[in-house]
Structure formats: structure tokens, C-alpha cells
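Structure first, commentary second.
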Amino acid sequence: MIRTRFAPSPTGYLHVGGARTALFNWLFARKHNGTFILRVEDTDAARNTEEARQAIFDGMSWLGLDWDEGPQSSGDLRSPSSPSSSYYQSQRNPIYDAYFEKLLAADRLYKDGDAYRFRFDRKPITMQDLVCGEVTIDYRDESNTPDMVIRRSDGSYVFHFVNVVDDLEMKITHVIRGEDHLMNTPKHLQLIEALGSQPPQYAHIPLILNADGSKMSKRDAGAAVGDYPKQGFLSEAVVNFIALLGWSSKSDDEIFTLTELIDRFSLEAINRAPARFDFEKCKWVNQQHIAKISTEKFADLAKPFVEAEILPITESYPAVIAAVKEKVRLLSEVPSAIDFLLTDTAPVDEETIAKAKANPNSALLPALAELMATLNDWSADIAKEAITTVATANGAKPGQLMFPVRVALSGRAHGPDLGDIFSILGKEKTVARLRSFLE
RNA sequence: GACCCGUUCGUCUAUCGGUUAGGACUCCAGGUUUUCAUCCUGGCAAGAAGGGUUCGACUCCCUUACGGGUCGCCA
């Protein structure tokens, strides 16, 4: 039975690299009908706040990565009050004490001031990493690998020790973590050997870098998972994109749902080289996912962004939304794509307006307005027909008149289909905007 | 500095000794859409360098260069 875990420490935000680590652990567990565990490594009291913990849960939930065991899950209910049931390291101290005694009894610990150091076995340690292959670190060189402190002077335990104990206690079978832990692994292997236990299998995945190849830190664009929903990304798009960073489906397909990712995932297909974060492609992936969801779902997801811009949500909202669904890459682009359909005070592109006014075909706009004003019925087709009538009567092609009309109605060069604009705006507003354009 | 991992178009990647080195993002050019977008077609663009091994190397080995990681009483 496969058991994987994601063990973040609360830092106030969920890093995109951490999110991908979580994703790979989750995918591996789901793929093999295993168990995915969330464990909070909150031993650093200074950073351990309620908000910091919540950021992890929120990020995981938004991404759609549910955990079988961990805080707030059913697995946490086995025995709510005992340390062995907690998935917070800060509450598991009695367990660590017991393991500490074992190392003491095995004569592998010695005091350094009030702290305790673990005495490494001075020999080469070879590990079989599922991603990196065979890696050997030589522990005979003491200057390179000094004995490590596992219990501080204040009595608290360090990461290496508690991490290993928890993985053992929680019967983790596969540790999938960032490559920054590769050099820690032989230390963990030594600890496990001294404890007389069998180690899990390890898979170290390459890090995610900024577009310029530098290390991605908290402030860098795209670093915090919590920023993605604010920017108008769909969670499935973000999951899809980060899965592509360092992993390949070995096919020409790139757009996958969570379910499809589970189906195709394998540790063998993970790369060894670090990947750079390409924000443009991330947006493209988002656009692909927007195209896949229903108009109703798109409308719901876009609504908060529209409301944030204080745009009135009228009865024409569904039609408005449908008109721009295929035109945006981010949900946050929706308000500026639809504002001219909902209000008369939307900002316009002066440059485009100047260009349209200089267009000779703009001279036909008044005639078009008057013709439209006389129409009894109004629809996208009837309005378009009016354009054809005016254009041909004046020796112009209908297509040539469409640019000036578009600009007169929207104030921009790009936007929804003209027919959609006609039907959403209605006859009165269309005529009014055409009339006022040249004034 | 020492140790570890890595290096295919600008970016993400395919290739597991024999390919005109394929796909995607971006960009450019056409086409469809009487408009915008979508979409379609085409184009630009890559094996870090040098040595081996081999009939044959992007693929295996070595060296160098470059990138990343690790060397805490942080996690």
C-alpha cells in the first residue's frame, strides 16, 4: 500500500514549488490507490501562526488536492487527543522523545554543550533515487559531513530528526520532495539505519526557477499559490501548468484535467533539470481551460471580478459573458472586456478612436445610424444587414465599415463579435453611440 | 571553496545508438471568420565545448565550461 505525504512548514504562503511537490505526491498516491497525507511541520514557533497554517490549507483546497490523513481530515479523527494522531509536529513531542531514547540507547548520540549530536557512520552512503538514480555521498570525510545536531540546547528537535521519525511512524512508502533535500537524504538514511528501520523510497524533483533562471522567492511573480485565484487563473489550469514543469506526459497533449493527470502520471517521467516558470504559457494553459468549461461556470467564476469593478450585473449578463468567453486568457480580463456593454462610461482607447475617425468609411456612420433608427425589428442579423445596405449604397465593402462601427460602439479595436455587440447593446444605444461618435 | 545534481529551439519538452532532431508557448507571414477572437497552414529557432567508445552518438564514458542545489542548535 503506497503512502505519500506533503510536509510543508507554515510560512504564510504556499509556494508554487511546494504546490507542485504536493501535486506529485497526490498524483502518485491517487494513481496507485494509495494514501496521501498532509503533515504540518510547525516546529518553528516564530513562523507558526494561524494564518500561516491556513494558507497551506487554502492553497491545497483551491488546487483540489485533498488529503486522506492530516489536519481537518477524517484520518485525523482516529484519536483526536493523542500525539500519535496529530499531523502537527508541534504536538508529537512524546513520540520524538521515545525515538531519541532509542538513539541514545544505541550509543549514537553525544552531547555538545546542552545539545545532542548524532554520530554518523563513517562510510559511503548510496541511495537509489527514483528520479536521480544512484547517488553516493562519502561520509568518511568528516569535514564535509560533520555530525549533526538533532536536539538543540533548548530541548527542541531539529527538522532532520522529526521528519524521519514522522515518515517512519506514518509508514510513508515514497518520499517525493524537492531536490534541495537530496543532500539531506543520506543523513536521513543514517538516522533510519541507526533506528533499525527500513527507509522509504525517495524521489527528488527538480526545482522551479524564475523566468531568468534565478531562484524563485516569496516576492517573485507566480511564487505564491494564493495569488493565482486573484489574478483570474482557474485552479485546474494552474495544476496543469505546474505539472508540466519537470514532468512530461510523453505525448503531444498538454491540456489535462486532474483526472487525466492521475491517469498519465509516473515518477519515471520526471525530469532531472530545473524548469523555469513561463508566465505566458501559464496564461495560455488557462485560456485552454476556460475554453473547456461551460458558459455558466465561466459566468460564475468571472462574477467576483466583474463585481469588484463595480460593474452593474444586468439581465444581459449571461449574453455579455458568453460573448467574451473565448476572448480572455484570465478571469481578471473580463471586466475590461465587457464594461462598454454594461455602462456608457467605460474607458476608451484614444489612439484607436483617432484612427477610426481618420478612416474615410467613418463618414458613413451617420447614414447607418439613421437607417438603423428606422428599423422596427432589431437583431444581430438585421443590424448587420443595415451595414451591408449602407456600405454597398456608397460603394464600400461591408467589412470596411465594420472597424469604424466597432470603435464607435466599443471605443476599442478588439472585442466581441459585432453581432453580439448589436444585440446586447440594443437598437437605442447602438444608434446613439453611432450618432455621437463623430460629434 | 568542497560535495551533489543537471545541460536539446528564448521558454516547457519528445528522443531511451541510425530521425530532414518532433510538439507546445512566444514572435512573424498567410488563410477562414464580411468585424474581433477562436481556428487552420506555414515560418524563425536547439543537441554548451573538446576528447574518446562505436560502422554510426543528442543519446554511452572522460575533461572543461555553465546552471542549480547542499554544506545551521532553519525547515
Side-chain angles (χ1 to χ4, degrees), chain A residues 7-11 41-44 46-47 89 112-117 127 129 131-133 135-139 141 143-146 148-160 162-163 178-187 204 206-209 211-215 241-255 268-269 271-285 287-288 291 323-329 337 384 387-388 391-392 397-407 409-410 412-422:
Chain A
S9 57
T11 57
E41 308 215 328
D42 57 347
T43 50
D44 186 351
R47 290 191 291 187
Q89 283 185 334
D112 179 358
D114 287 330
Y116 282 85
R117 281 184 189 274
M127 49 187 160
D129 190 274
V131 172
C132 300
V135 179
T136 300
I137 309 293
D138 195 344
Y139 273 72
D141 183 1
S143 62
N144 253 342
T145 56
M148 66 175 168
V149 168
I150 67 158
R151 194 166 92 161
R152 305 185 187 90
S153 314
D154 66 2
S156 63
Y157 297 105
V158 304
F159 159 77
H160 300 290
V162 294
N163 184 271
E179 197 199 85
D180 49 337
H181 283 299
L182 187 61
M183 298 296 277
N184 288 155
T185 304
K187 298 177 184 175
H204 289 90
L207 269 21
I208 298 176
L209 309 175
D212 65 0
S214 62
K215 186 177 178 177
F241 179 70
I242 62 177
L244 259 20
L245 256 28
W247 172 81
S248 165
S249 69
K250 306 288 182 189
S251 76
D252 285 348
D253 301 325
E254 294 190 300
I255 303 303
E268 292 71 43
N271 286 129
R272 283 112 359 245
R276 301 182 185 205
F277 191 93
D278 184 347
F279 204 64
E280 285 303 313
K281 183 145 186 179
C282 189
K283 286 199 277 191
W284 176 79
V285 171
Q287 183 181 35
Q288 299 302 307
V324 299
K325 179 165 176 282
E326 309 288 314
K327 322 263 173 193
V328 299
R329 296 202 292 176
K384 282 185 180 178
I387 289 182
T388 306
T392 50
K397 286 179 185 171
Q400 295 176 306
L401 199 45
M402 289 192 170
F403 175 70
V405 170
R406 168 179 296 284
V407 177
L409 297 180
S410 73
R412 302 165 202 169
H414 307 280
D417 176 76
L418 257 188
D420 288 336
I421 296 178
F422 285 138

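Just so it is clear, the structure is predicted and the values come from calculations on it, not from any experiment. Chain letters run A, B, ... following the sequence lines, proteins first, then strands; residues in each count from 1. These values consider heavy atoms only, across backbone and side chains, with no hydrogens, waters or symmetry-generated copies.
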Which value, in whole Å, describes the distance between the [atom1] atoms of nucleotides [N] and [M]?
{"N": "B:U20", "M": "B:C58", "atom1": "P", "result": "13 Å"}
{"N": "B:A14", "M": "B:A24", "atom1": "P", "result": "15 Å"}
{"N": "B:C16", "M": "B:G22", "atom1": "P", "result": "14 Å"}
{"N": "B:U8", "M": "B:A46", "atom1": "C1'", "result": "5 Å"}
{"N": "B:C61", "M": "B:C12", "atom1": "C1'", "result": "29 Å"}
{"N": "B:A45", "M": "B:C28", "atom1": "C1'", "result": "12 Å"}
{"N": "B:U26", "M": "B:G10", "atom1": "C1'", "result": "8 Å"}
{"N": "B:G72", "M": "B:C3", "atom1": "P", "result": "16 Å"}

Would you say the side-chain atoms of A:K325 pair up with the backbone N or O of A:A291, donor to acceptor, closer than 3.5 Å?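 Yes, because the side chain of A:K325 sits within donor-acceptor range (under 3.5 Å) of the backbone of A:A291.
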Does the A:D278 side chain pair with the main chain of A:E280, one donor and one acceptor, at a distance under 3.5 Å? yes
Mind calculating the distance between [atom1] ([X]) and [atom2] ([N]) to the nearest angstrom?
{"X": "A:K281", "N": "B:G10", "atom1": "NZ", "atom2": "P", "answer": "15 Å"}
{"X": "A:M402", "N": "B:A37", "atom1": "CE", "atom2": "P", "answer": "14 Å"}
{"X": "A:Y139", "N": "B:C4", "atom1": "OH", "atom2": "C1'", "answer": "11 Å"}
{"X": "A:I208", "N": "B:G6", "atom1": "CD1", "atom2": "P", "answer": "19 Å"}
{"X": "A:L245", "N": "B:A24", "atom1": "CG", "atom2": "P", "answer": "19 Å"}
{"X": "A:D252", "N": "B:G22", "atom1": "CG", "atom2": "P", "answer": "12 Å"}
{"X": "A:I421", "N": "B:U35", "atom1": "CD1", "atom2": "C1'", "answer": "9 Å"}
{"X": "A:R272", "N": "B:C12", "atom1": "CZ", "atom2": "P", "answer": "14 Å"}

Determine whether the side chains of A:S410 and A:R406 contain a donor N or O and an acceptor N or O closer than 3.5 Å.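 There is no such pair (donor and acceptor under 3.5 Å, judged by atom type) between the side chains of A:S410 and A:R406.
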Could you list the protein-to-nucleotides 14-16 of chain B atom pairs, N/O on both sides, closer than 3.5 Å?
unit_1 : atom_1 : unit_2 : atom_2 : d
B:A14  : OP1    : A:K250 : NZ     : 3.1

Scan every strand shown for a Watson-Crick or G-U wobble partner of [N], both distances under 3.5 Å, and answer none if you come up empty.
{"N": "B:G1", "answer": "B:C71"}
{"N": "B:U33", "answer": "none"}
{"N": "B:A65", "answer": "B:U7"}
{"N": "B:C44", "answer": "none"}
{"N": "B:A14", "answer": "none"}

Just how far is it from atom [atom1] of [X] to atom [atom2] of [Y], taken to the nearest 0.5 Å?
{"X": "A:L244", "Y": "A:S248", "atom1": "CG", "atom2": "OG", "result": "7.5 Å"}
{"X": "A:S153", "Y": "A:D112", "atom1": "OG", "atom2": "CG", "result": "8.0 Å"}
{"X": "A:D420", "Y": "A:K327", "atom1": "CG", "atom2": "NZ", "result": "7.5 Å"}

Does A:G246 reach a base, just sugar-phosphate, or nothing at all? Heavy atoms under 4.0 Å. sugar-phosphate
Quick one: label A:T11 by what it contacts on the DNA or RNA (base, sugar-phosphate, nothing), any heavy atom closer than 4.0 Å. nothing
Do A:E254 and A:K281 have side chains that get closer than 4.5 Å, going by heavy atoms? yes
Quick one, A:I255 and A:W284 - any side-chain contact, counting heavy atoms below 4.5 Å? yes
With sequence neighbours excluded, tell me which residues meet salt bridge (charged side-chain N to carboxylate O under 4.0 Å, His left out) with A:D154.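 Per chain and number, A:D154 pairs via salt bridge (charged side-chain N to carboxylate O under 4.0 Å, His left out) with no residue.
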Under the rule for salt bridge (charged side-chain N to carboxylate O under 4.0 Å, His left out), what residues qualify as partners of A:D138, not counting sequence neighbours? A:R140
As a quick check of understanding, evaluate side-chain contact (heavy atoms from CB on, under 4.5 Å) for A:F422 and A:L409, giving each step before the final call. CA-CA 9 Å; A:F422 285 138; A:L409 297 180; 3.6 Å; yes
Using the closest heavy atom to pick a nucleotide of RNA chain B for each, name whichever of A:D417 or A:M127 lands nearer the 5' end.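 First, find each residue's nearest nucleotide; the 5'-ward one identifies A:M127.
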Which is more 5' along RNA chain B, the nucleotide nearest A:F277 or the one nearest A:F403? Just name the residue. A:F277
Option from A:I387, A:T388, A:T392 for which side-chain contact (heavy atoms from CB on, under 4.5 Å) with A:L401 holds: A:I387
Using a strict 4.0 Å threshold on nitrogen-to-oxygen distance, state whether A:K250 and A:E268 make a salt bridge. no
Is there any protein nitrogen or oxygen under 3.5 Å from a nitrogen or oxygen in nucleotides 39-50 of chain B, and what are the pairs?
none

In 5'-to-3' order, the base (B), backbone-only (S) or no-contact (-) status of each nucleotide in nucleotides 64-75 of chain B, using a 4.0 angstrom heavy-atom cut-off, is ----BBSS-BSB
A:Y157: side chain to side chain donor-acceptor pair (under 3.5 Å) partners, not counting sequence neighbours: A:D97
Closest to the A:E280 side chain, choosing from B:U35, B:A24, B:C25: B:C25
